[in-house]
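Structure first, commentary second.
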Amino acid sequence: MSSILKRVGFSLVFCFFYFSTAGASMIINEIAWMGDQTSYNHEWIELYNDSQRPITINDWVLKTTDEKIKIDLQGIVPGQGFFLLE
């Protein structure tokens with residue numbers, strides 16, 4: 001195991017999930033599900049719009065397969081832009 005992974009404590013997991021909508025795609029490109037070295041409460045999910053045009057994410061939902069956790073999304077992610085959930 002690399003020393004970088006030991007220092008981070010496995011808090012960052014890079015995922016590449018693609019969601020397509022009318023020719024544009026959204027990527028879940030970073031997840032910190034165990035927090036960071038400062039606090040286990042420092043958790044986030046970062047979405048990335050890899051298209052050139054904005055994507056409206058109103059009424060989108062991120063949820064676990066058992067649906068115990070549901071996060072309703074609202075907003076517009078600009079082209080080549082990010083949306084951060086903390």
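All values below were derived from every heavy atom in this structure, side-chain atoms included, with hydrogens, water molecules and symmetry-related copies excluded.
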Is any side-chain heavy atom of [Y] closer than 4.5 Å to one of [X]?
| X | Y | answer |
| --- | --- | --- |
| Trp44 | Leu85 | no |
| Met26 | Trp60 | yes |
| Ile71 | Val61 | no |

Inset, instruction - Taking all non-hydrogen atoms of both residues into account, name the closest pair between Pro78 and Ile76 and its distance. - result: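 So the minimum-distance heavy-atom pair works out to CD-O, 3.6 Å.
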
Going from [atom1] on [X] to [atom2] on [Y], what distance comes out if it is rounded to the nearest 0.5 angstrom?
| X | Y | atom1 | atom2 | answer |
| --- | --- | --- | --- | --- |
| Asp50 | Ile27 | CG | CD1 | 4.0 Å |
| Glu30 | Glu46 | CD | CD | 5.0 Å |
| Leu47 | Leu84 | CG | CG | 8.5 Å |

Inset, instruction - Test Gln80 against Gln52 for side-chain contact (heavy atoms from CB on, under 4.5 Å), laying out the working first. - result: CA-CA 6 Å; Gln80 304 292 299; Gln52 296 297 320; 3.4 Å; yes

Inset, instruction - Answer yes or no: is there a donor N or O on one side and an acceptor on the other, between the side chain of Asn58 and the main chain of Gly75, under 3.5 Å? - result: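 Yes, the answer is positive, given that a donor and an acceptor are paired below the 3.5 Å cut-off.
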
Inset, instruction - Would you confirm whether Asn49, through its side chain, and Gly81, through its main-chain N or O, come within 3.5 Å as a donor-acceptor pair? - result: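 Checked: no pair found.
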
Legend entry - Set of ring-ring contact (aromatic ring centres under 6.0 Å, His included) partners for Phe82, sequence neighbours left out: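 Here the qualifying residues are Tyr48.
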
Legend entry - Partners passing side chain to side chain donor-acceptor pair (under 3.5 Å) against Thr64 (at least two apart in sequence or in another chain):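 Side chain to side chain donor-acceptor pair (under 3.5 Å) check on Thr64 returns Asp66.
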
Legend entry - Verdict with supporting geometry, Leu73 and Leu62, side-chain contact (heavy atoms from CB on, under 4.5 Å): CA-CA 8 Å; Leu73 303 179; Leu62 291 176; 4.1 Å; yes

Legend entry - Counterpart residues, salt bridge (charged side-chain N to carboxylate O under 4.0 Å, His left out), relative to Glu86 (two or more places apart):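 Applying salt bridge (charged side-chain N to carboxylate O under 4.0 Å, His left out) to Glu86 gives none.
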
